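Working notes for the structure below.
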Amino acid sequence: QVHVVESGGGLVQAGDSLRLSCAASGRTFSSYAMGWFRQAPGKEREFVSHITRNGGNTYYADSVKGRFTISRDNAKNTVFLQMNSLKPEDTAVYYCAVVRYSGRYYATDTYDYWGQGTQVTVSS
């Protein structure tokens, strides 16, 4: 069982930046691949970004590519999502998730553990 907690959300203006953090419990954090998803009111949860366990590969949704950067610090059991040039369309609850085994990184059902989410609101 892995406990996942997101933090760093808030209310910002369009063009601003935020850095989200995801802390995950467990003795084998370095073996987990990690993902970020988001869900806006009335919409399905959508893939945002993914990082492999060694940090060697990262993946992004087309909607955030070039603006968001995912990274990890295995010594701190933490994954980050740096969000730059934020747009009102980025407004959503952002969720961090853990993958214990390989799978489709963009699919919600690939992930084994989820955090409670952190709200990001971007005003125009």
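Counting begins at 1 with the first residue of the sequence. Just so you know, these numbers come straight off a predicted model, no measurement behind them.
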According to salt bridge (Lys or Arg N to Asp or Glu O under 4.0 Å), does anything in [range] pair up with another residue at least two apart or in another chain? List the pairs.
| range | answer |
| --- | --- |
| residues 6-32 | none |
| residues 72-87 | none |
| residues 31-43 | Arg38-Glu46, Arg38-Asp90 |

Over all heavy atoms of both residues, which pair between [X] and [Y] is shortest? Give the atoms and the distance, please.
| X | Y | answer |
| --- | --- | --- |
| Cys22 | Val4 | SG-CG1, 3.4 Å |
| Lys65 | Tyr60 | CE-O, 3.8 Å |
| Phe47 | Ala61 | O-CB, 3.3 Å |
| Ser21 | Trp36 | O-CH2, 3.8 Å |
| Val79 | Phe29 | CG2-CZ, 3.7 Å |
| Val2 | Ala24 | CG1-CB, 4.1 Å |

Heavy atoms from other residues, nucleotides or ligands near OH of Tyr106 exceed 12 (cutoff 6.0 Å):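 Not more than 12 within 6.0 Å, no.
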Crowding at CZ, Arg100 (>12 non-hydrogen neighbours, <6.0 Å):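 No, CZ of Arg100 has 12 or fewer neighbouring heavy atoms, counting only those of other groups under 6.0 Å.
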Partners meeting side-chain hydrogen bond (donor to acceptor under 3.5 Å, both in side chains) with Asn57 (sequence neighbours left out):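 For Asn57, no residue satisfies side-chain hydrogen bond (donor to acceptor under 3.5 Å, both in side chains) once neighbours in sequence are set aside.
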Can you give the donor-acceptor pairs under 3.5 Å from side chains of residues 114-124 to other protein atoms, not counting sequence neighbours?
unit_1 : atom_1 : unit_2 : atom_2 : d
Thr118 : OG1    : Gly9   : N      : 3.2
Gln119 : NE2    : Ala92  : O      : 3.4
Gln119 : NE2    : Thr121 : OG1    : 3.3
Ser123 : OG     : Val12  : O      : 3.4

Do you reckon [X] sits in the same ILVMFWY cluster as [Y], going by side-chain contacts under 4.5 Å, direct or chained?
| X | Y | result |
| --- | --- | --- |
| Tyr105 | Phe37 | yes |
| Val99 | Tyr32 | no |
| Val64 | Ile51 | yes |

Residue pair [X] / [Y], side-chain heavy-atom distance below 4.5 Å:
| X | Y | value |
| --- | --- | --- |
| Ser30 | Arg53 | no |
| Val48 | Tyr59 | no |
| Cys96 | Met34 | yes |
| Ile70 | Phe80 | no |
| Gln82 | Asn84 | yes |

From CA spacing to verdict: side-chain contact (heavy atoms from CB on, under 4.5 Å), His50, Tyr111: CA-CA 11 Å; His50 177 93; Tyr111 295 81; 2.9 Å; yes
side-chain contact (heavy atoms from CB on, under 4.5 Å) between Tyr94 and Leu81, intermediate numbers included: CA-CA 10 Å; Tyr94 283 71; Leu81 185 68; 4.2 Å; yes
Rounded distance [0.5 Å steps], OG in Ser31 versus CG in Asn74: 9.0 Å
Reported CD-to-OG1 distance for the pair Gln39 and Thr108, which is rounded to 0.5 angstrom: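 These two atoms lie 9.5 Å from each other.
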Partners meeting salt bridge (charged side-chain N to carboxylate O under 4.0 Å, His left out) with Arg104 (sequence neighbours left out):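 Partners of Arg104 by the salt bridge (charged side-chain N to carboxylate O under 4.0 Å, His left out) criterion, ordered by chain and then number, come out as Asp109.
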